[in-house]
Amino acid sequence: MQDNLQFTPTEFISVVNQTLEYSYGSISLVGEVASFKVNQGKWVFFDIKDEESSVSCFMTLYQLRMPLEDGMKVEIRGVPKVTKWGKFSFTVTAIKPVGEGSIKKAYELLKKKLADEGLFDERKKRPLPTDLARIGVISSTNAAGYADFIKIINARWGGIKIQVAHTQVQGLDAPDQIIRALKYFNEKSEVQVIAVLRGGGSADDLSCFNDEKLVREIAASRIPVITGIGHEIDESLADLAADVRASTPSNAAEILTPDKNAIKLNIESMVLRLNNLIFEKIRAEKSEIQEKILRVVREIKNKIEVLDSDVKQKIKIIEALNPEKVLKQGYAILNGKISPGSVVKITTHKKEIKAEIKEIYERK
Amino acid sequence: MKENKTLNQKINELEESTDWFYSDKFNLDDAVTKYKTAISLAKEVQKDLDSLKNEIEVLAEDFSK
């Protein structure tokens, strides 16, 4: 080890910074925020502290993607540095709330801010395309939520081209990776919908979906976005900004696709109903024809009966008028000139008689 | 030449041909032909559904940078 090294202050600070960079690179600190302030609308200063120590932190406002207040517990990532004034500072490159209280606080503050801007306005929500051919998925291909989505979508439907952007879905790097994937799909792909997916996890695991820049990117996406993040009870700001919120990755697959098994059952049932309908129509038609035939037969029968009765009646009349029948009753038929002295012919039932008329009287 | 219809087009066509049987246009003279067409379409749709496969492509892009 060299001793008694001599530097100018600038050289010394440069050597110290090089040493720090070489020794630590990027490191994370977890602690409570104190003395938070924003200068000139661009520079953010705060201290991060625990019970015994405090570290001065610096970052740009652009990098601050969550609401920050004194007392919030955060995880910051960055590099330690000595400024040209010899002051030790931690240059923050990423920050996120940790612990239930801070996550909730940051969530509520950002939710209000973005809601006031209209980012979650229901009127801005777009319907998802119904005849899907291309889906963009943003998720970790190692995550259980992604596996669930693929399993369900493959079981339900097919013929879809699914492009998957593999990104982290938790941690400080996740928001930027997801943003890059969103930009990729919006600028370089022809997907019809983007699904942002992540399975269940702790509030801390899911907190990356409350990143302000990510939430804004989702809201600004040209392509409709569906989120399936966590479980039913988990609600992230990404969910609120998305066009459609699915309760889980599996639910996202259900929303995006029809169920081919249900369709097959419907078709089977439709064929069955059609068979029944045709049989029923044929039966009804047959029954109608039979009814018509019966009606015609009845009609003919009635007419025959009427005619028969008519004929019988006429026969009776004719029979009643038959001269032979009259003769049988004891009457006789007289032919010839009715005058005294004339010879007339008298026909009885059994005999024909010639007789002379003696006298003619008027009946009294 | 056989027309290439999408699965959704076939499903819609099947629904339309089924509706005919429940409409006032129904008549037994046309029913047999229409029934045969509907059944053939139903079988085709079921076959298509069975053969459906998704194509999954994990993008080569590195989104960590």
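Below, chains carry the letters A, B, ... as their sequence lines are ordered, and counting in each starts from 1. Keep in mind that the numbers below use all heavy atoms, side chains included, and drop hydrogens, waters and symmetry copies. These numbers were taken from a predicted model, which means no experiment stands behind them.
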Measuring from A:Met270:CE to B:Phe21:CZ, what's the distance to the nearest 0.5 Å? 9.0 Å
What's the separation between atom CD1 in B:Ile11 and atom CD1 in A:Ile263, rounded to the nearest 0.5 Å? 4.5 Å
Check whether any side-chain heavy atom of B:Tyr35 lies under 4.5 Å from a side-chain heavy atom of A:Leu277, and answer yes or no. no
In terms of heavy-atom proximity below 4.5 Å to chain B, should A:Asp173 be classed as side chain, backbone, both, or neither? neither
Go through the structure and list residues passing side chain to side chain contact (heavy atoms under 4.5 Å, CB included) with A:Ala94, not counting sequence neighbours. A:Arg77, A:Leu172
Drop me the distance from B:Lys53's NZ to A:Asn154's CG, to the nearest 0.5 angstrom. 8.5 Å
Honestly, the part of A:Ile153 sitting under 4.5 Å from a heavy atom of chain B is both
Can you give me the closest heavy-atom contact between A:Gln177 and B:Phe63, atom names plus distance? CG-O, 3.2 Å
Nearest 0.5 angstrom please: A:Asp131 CG to B:Gln9 CD, how far? 8.5 Å
Can you tell which part of A:Ile278 gets under 4.5 Å to a heavy atom of chain B, answering side chain, backbone, both or neither? side chain
Highest number of heavy-atom pairs under 4.5 Å with chain B among A:Val137, A:Ile179, A:Asn275 belongs to A:Asn275
Who wins among B:Val45, B:Ile56, B:Asp62, B:Leu28 for the most heavy-atom pairs under 4.5 Å with chain A? B:Ile56
Please state whether the side chain, the backbone, both or neither of A:Glu285 comes within less than 4.5 Å of a heavy atom of chain B. side chain
Let me know if B:Ala60 has heavy atoms under 4.5 Å from chain A in its side chain, its backbone, both or neither. neither
Just wondering, are more than 12 heavy atoms of other shown residues or ligands nearer than 6.0 Å to NZ in A:Lys81? no
What is the minimum heavy-atom distance between A:Gly158 and B:Asn54, and which atoms define it? CA-OD1, 3.0 Å
Checking heavy atoms, do the side chain of A:Gln168, its backbone, both or neither come under 4.5 Å from chain B? neither
As an exercise, state the distance from CZ of A:Arg180 to CD of B:Glu61, rounded to the nearest 0.5 Å. 12.5 Å
Between B:Ala42 and A:Val271 the two heavy atoms that sit nearest each other are CB-CG2, 4.0 Å
If you count heavy-atom pairs within less than 4.5 Å of chain B, which of A:His166, A:Lys260, A:Lys281 leads? A:Lys281
Can you see which heavy atom on B:Gln46 is nearest to which on A:Lys264, and at what distance? NE2-O, 3.3 Å
So, taking the atom named CD in B:Glu55 and the one named CD in A:Gln163, what distance separates them when rounded to the nearest 0.5 Å? 8.5 Å
